Q: 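So that we are looking at the same thing, I have put the structure below in structure tokens.
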Amino acid sequence: MVEIFDYDLVIVGSGLAGLRAAIEAARVGKDKLRIAIIAKNQLMRPHSISAEGGSAAVLYTDEGDSFDLHAYDTIKGSDYLGDQDIVEFFVRQCPVDILELEHWGVPWARREDGRVAQRPFGGHSFPRATFASDKTGFYEVHALYDTLLKYGNIDKFHEQFVYDVIIENNRFKGVMAFDIPTGQVRIFKARAGIIATGGLGRLYGYTTYSHLVTGDGLAIALRRGIKLKDIEFVQFHPTGLVPSGILITEGVRGDGGILRNAKGERFMERYAPTKKDLAPRDIVSRSMMTEILEGKGFKGPNGLDYLLLDFSPIGTEKIKEKLSQVRDIGNHYVGIDPVDSPLPVRPSAHYTMGGIDVSRTGFTGVTGLWAAGETACYSVHGSNRLGANSTSECVVFGKMAGDDSAKWLLSGSGSIDLSEGERSFAENFVADAYRDKGDNDPYEIKRELWTTMDKDAYVFRNEKDLTEGLSKIRGLIEKSKKISISEKGNVYNQNLITSLEMKNLVELAEVVVYSALQRKESRGSHFRTDFPKRDDDNYLKHTIAQRVDGALQITYRPVTLTKWKPEPRVY
Amino acid sequence: MRESQIMFLQYLTGILVLVFGSFHFLLISVLSPSPEKILYIYNGANATHVLVGGTLYYTWVKAVYSSLIWGSVFELLLTFLVYHVFNGFRVILSELIPGGRAEKIITYALLVVALVVFIWGSRTVVVSLAGGL
Amino acid sequence: METLVLKGFGEVVKTVTFRVRRYDPEKKEIPKYEEYKVPVQKGMTILDGILYIKEHLDHSLSARYSCRMGICGSCGMIINGKEKLACQTQILELGKDLIKVDPMGNYGIVKDLVPELSKLFNNHQSVKPFIVREEEEPKSEFLQTPDQREKYAMFTDCILCGLCLSACPTSASDELYLGPQALAQSFRYIVDNRDLGFEERLNVVDSKHGVWRCHFSGACSEVCPKGVDPALAIQLLRKVMTTNIFVKYQQKGATRGPERKSALGVS
Amino acid sequence: MTIENKKGWISWFNPFKYGTDRWMFALHRLTGIALGLYLIAHVWETSNILNGQVTWDKIMVDLDYPFGAHYGPFILSLILIVAVYHALNGIRLTIVENGLMLPKPYRPEFPYKAKSLRGLNNLLKIVLGIFMILISAIGVIFIFTGVIV
Ligand SMILES: Cc1cc2nc3c(=O)[nH]c(=O)nc-3n(C[C@H](O)[C@H](O)[C@H](O)COP(=O)(O)OP(=O)(O)OC[C@H]3O[C@@H](n4cnc5c(N)ncnc54)[C@H](O)[C@@H]3O)c2cc1C
Ligand code: HEM
Ligand code: SF4
Ligand code: F3S
Ligand code: FES
């Protein structure tokens, strides 16, 4: 039987965006709105917790920072694919939200006089990454989760796997989920919903993402015909730890760390003479891959050749104080204490610039449905995100989505009637997912997907690889329709979850590779060796992908330019 | 009472027990009125217990109990100990069977036992001081 | 430059037996152990081992995991008798050929290695783990010097993994005990100079199953994977409680810094 | 559907795999219970002083000679050692459990050895441990020989 809950607002995802949206909605809605926040892991363990470096905000205007500078950095970083009106709006909101987090207990690092401290970050021309050690995201998530506990009008649901949203006649009606610990199918009826399910990082095997970031929200949106924007842009973080891909924060380089190749050269001097190691991530990643391909790297395990991240300019005391987590990671996972010797690093899939096409408030175009955080694409980051801009984005736009949806809810009323069709769809979906339709192993498909993506849609892309990749992925999609799930239990069935996630991933992989194939230029994180130049005449526009009657359709939309004209991007 | 106050007394009585307990130990050793300050005397050959010379001999123990000073020491020690021990027992049992009615019952039951022990011990002291039964 | 000696993956070094406690509520059996032979590469963690079992040997094994970098707090379990994060424990460093994996104790078991953590979360919530203070427009930050920050900062590292409750002897029998995690968090907020919630937390913390049920057995700090040292927090919290018997404990509440122009929308 | 997985009171007395503090807790609790029971017995024992010499003497002998040998000095020594442990560890607990002699909050650093379980707390353990041995030795020698060193 389906268990049905009735809420005003349901928030899917408890990352920074989801939590912030929930709090804002609770504050705006007071006791008039009933809000549910649900996530597929326990609410305080979203992927945002892994964010390390910092959150960007213009705080020290008296010391030379300004909104314009932040906006310019962001736009230049985005390789001019960012919508400039949104970027300006974004940078103006950041300080308020960062200070709000301060009021809610984030243990920001401090200056001697008690004011919030900031550190330099890649691509930013002013040290404006507000940080707390190197666990910024962790502290932010916990401060937000803790603050959430203050509000009695939010119901918290841990471990609910959302597999679909209910949309009828372009009107949002709720989400379908099952309770992982019991397997109970649930429908959360709601007048409004916010999707904040994060990126699609686990498309790649070598990635900084948590195991659970599988782009479910994006896949659901795609299936329901919602538009996805700029999805081919996947950021590769220069310093993923070999061999696991665990992130070594950019803060290391912000604090003085240096990348070196096998000859011991500080090779970034050649690629970005002014910013050097602190150039934006796409540039550093490409430079690293060039070095590695030129044979100036070290031979690594499983074909993961690597370069070195040298900590020695930072100094032991500062490493211990500001980079404690990195030190922890080095010791735990490669047995190297960064205080003594450098860490092996290599570019690793890290961020999804694209996402659900939304307005400034996160509105998706479907009545009652918002999106927030990494899932959504506001076009702040364009084709390449600057470090520290994403956690800020999540709180800024999470707040917007919460605020907007709550106000919209307060201005109307009514209740949701579910059609019998949706109800039985919800029930049958899970029952059907259990049924064997072939004998393919979902884990096997996932591994194949990873090898394909790691090879064909990595830092350097080209027509041949992408076409090959696309046909492989289409093969995998076919395969994924004929899988068998050996475990049939209802309780904590991770097999079922893996197979559903895997299906989402292969569907998204198709979109990523397909739109990458269409973009015949190099911009930001998307670099085509066969088209190594940026082509503003033909491609200064957003890719919009949409499923129309089952077929994938790519269209384009112009970029909003205001103050800043596209110019060559040198650092 | 707040739990912190209850537990403050637990620590306080613990220390007081140490102080007064030390007197108690000195009493059966160096401070005993007995001429031979020893606990057990055995008759070498068949190893029978000789009571007469030791500090635990009836006469000396009686003497101690009849002294006002020692009587007060014992009474205080007893008070501290009973509080300390039965509060300790309460702590242990409340961790064993936490919450609800059970915990209340345990608390009151222990209170009763504590009173019995306290009264029984005080009886020894008071009656001795008053000159025996 | 010298080549590094990497603990990283590579060829298989040896085979290790995992003895995993299994429990499936739907099968109506009592928990039992099952053994799996796992080929171990250099650098493999217990979590990697479990994922290997899940993918190759037995799909039905369940465990909670996410970040695989020791920060989300999902993967606490008992490994060879001691509470550890699976994703942070190197198989080879254990130096054993038989590895016993149990779900955390003192919680219910949902399935296999998945514990029921609602007790942990409820206790956490009960101590009001947030800054208690009137809400106001954030025009500037509350001033807090690095020294004032240091007073509570170490306790903010808690990842809510729940290992401490599994190791704590009091939690083992007293299910009403708040537990090291929640007590440490209450201390974290009480000594944060931005907070004003001492009075409100008093009734919860200074209660029959609150801070005084800790006997400083130190197991919590011994197993805490993040060095939170909850035992320290609890003892320091008790200092506050004991002093509060004689002098009312007062929280001043930090003062605000100068208004930030950028927060007012000008730059 | 979930089943209980409580370690239960047994684990109070299962300090293996954890640190010294956990051992000391187990012993403190054990000795506390033992001493508490002894107190009740002791109160009853001493109350017999009111019942005249014959009863008193008989009890003194019975308690010394329970299972066919003179165990009195051994039992008394054991009680003494237990009491000394509990008392001196009690002093340590009174200090540290009220937050004294512990480190200030510090910055956790890999490999995360908890400072509260080390430092002055350990020093206390050592100092009090030495006292425990000394006092117990003096006591036991006295109990067996009547000699106070
Ligand atoms: C290692 C790492 C370090 C980073 N460091 C920084 C940094 O220093 N600075 C910065 O600005 N940005 C950083 N980022 C980027 C930033 O952390 C993320 O973009 C951001 O946290 C995304 O937050 P979110 O709220 O959108 O989603 P997430 O935090 O990913 O949360 C997704 C939520 O959705 C839930 N969910 C997903 N699918 C489902 C489903 N099917 N059903 C139910 N619930 C579901 C999940 O349970 C989770 O709660 C980093 C990213 C990584 C990978
Ligand atoms: C001589 C000095 C003593 C001191 C300083 C002392 C100290 C303490 C302290 C501090 C505790 C609390 C432990 C905790 O809550 O963590 C305690 C508990 C206890 N004490 Fe003592 N104590 C002393 C003597 C005694 C004696 C003589 C007895 C019994 C006759 C006794 C019986 C108990 C009991 C039963 C407990 C409860 C044990 C527990 O909670 O685990 N104590 N003691
Ligand atoms: S205090 Fe440590 S062991 Fe306990 S929940 Fe927090 S991080 Fe885990
Ligand atoms: S293990 Fe438990 S008893 Fe106290 S010191 Fe830690 S809370
Ligand atoms: S998986 Fe996140 S802590 Fe182990």
Side-chain angles (χ1 to χ4, degrees), chain B residues 7-8 10-12 14-15 17-18 21-22 25-26 28-30 36-42 47-49 51-59 61-62 64-66 74 78 81-82 84-86 88-89 91-92 95-97 113-114 116-125 127-128 132-133, chain D residues 8-9 12 28-33 35-65 69-70 72-73 76-77 80 83-84 86-91 93-95 97-98 135 138-139 142-148:
Chain B
M7 289 309 280
F8 178 75
Q10 175 79 355
Y11 294 104
L12 190 68
I15 304 242
V17 166
L18 180 63
S22 309
F25 185 77
L26 291 177
I28 56 165
S29 54
V30 287
E36 279 181 82
K37 312 217 187 298
I38 187 167
L39 284 166
Y40 298 95
I41 306 174
Y42 295 111
T48 47
H49 196 141
L51 290 166
V52 187
T55 54
L56 297 181
Y57 185 52
Y58 182 74
T59 319
V61 177
K62 194 93 189 149
V64 167
Y65 271 106
S66 316
F74 283 163
L78 181 72
L81 266 175
V82 167
H84 187 86
V85 166
F86 283 93
F89 282 178
V91 167
I92 295 174
E95 283 169 19
L96 199 61
I97 312 164
V113 181
V116 169
V117 174
F118 180 71
I119 291 170
W120 199 247
S122 305
R123 166 181 167 270
T124 317
V125 176
V127 174
S128 296
L133 280 174
Chain D
W9 63 270
W12 298 347
H28 195 82
R29 179 147 285 191
L30 220 50
T31 54
I33 297 170
L35 287 172
L37 297 177
Y38 171 72
L39 171 79
I40 299 173
H42 192 61
V43 164
W44 167 79
E45 178 202 353
T46 49
S47 72
N48 280 294
I49 198 70
L50 301 178
N51 297 344
Q53 180 155 14
V54 181
T55 324
W56 179 259
D57 282 358
K58 183 173 177 326
I59 282 170
M60 282 299 111
V61 174
D62 284 353
L63 287 177
D64 179 32
Y65 204 84
H70 292 293
L76 211 55
S77 300
L80 179 90
V84 168
H86 186 94
L88 292 196
N89 191 45
I91 302 250
L93 290 178
T94 307
I95 296 170
E97 288 197 342
N98 287 289
I135 298 175
I138 295 173
F142 167 74
I143 289 170
F144 275 93
T145 64
V147 179
I148 288 267

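Keep in mind that this is a model prediction, so the values were computed, not measured. Residue numbering restarts at 1 for every chain, and letters A, B, ... go by the order of the sequence lines.
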Q: Apply ring pair (Phe, Tyr, Trp, His ring centres under 6.0 Å) to B:F74 and list each qualifying residue two or more places apart in sequence or on a separate chain.
A: B:H24, B:Y65

Q: Checking B:F25 against chain D: side chain, backbone, both or neither under 4.5 Å from a heavy atom?
A: side chain

Q: Look at the aromatic rings of B:F89 and B:F86 and report parallel, tilted or perpendicular, splitting at 30° and 60°.
A: perpendicular

Q: Please identify, among D:N51, D:D57, D:V61, the residue contributing the most non-hydrogen atom pairs under 4.5 Å to chain B.
A: D:D57

Q: Give the member of D:W12, D:W9, D:F144 that has the highest number of heavy-atom pairs under 4.5 Å with chain B.
A: D:W12

Q: If you compare all heavy atoms of D:T94 against all heavy atoms of B:I15, which two are closest, and at what distance to 0.1 Å?
A: CG2-CD1, 3.9 Å

Q: Can you tell which part of D:L76 gets under 4.5 Å to a heavy atom of chain B, answering side chain, backbone, both or neither?
A: side chain

Q: Which heavy-atom pair separates B:I38 from D:T145 by the least distance, and what is that distance?
A: CD1-O, 3.5 Å

Q: What part of B:I41 lies closer than 4.5 angstrom to a heavy atom of chain D: side chain, backbone, both or neither?
A: neither

Q: Quick check on the interface: out of D:I49, D:I40, D:T46, D:V43, who has the most heavy-atom pairs with chain B under 4.5 Å?
A: D:I49

Q: Is the ring pair B:Y40/B:Y42 parallel, tilted or perpendicular, if the boundaries are 30 and 60 degrees?
A: parallel

Q: B:V125 versus chain D, heavy atoms under 4.5 Å apart: side chain, backbone, both or neither?
A: neither

Q: Answer with side chain, backbone, both or neither: which region of D:N48 has an atom nearer than 4.5 Å to a non-hydrogen atom of chain B?
A: neither

Q: Could you tell me whether a side-chain N or O of D:H70 sits under 3.5 Å from a main-chain N or O of D:Y65, the two making a donor and an acceptor?
A: no

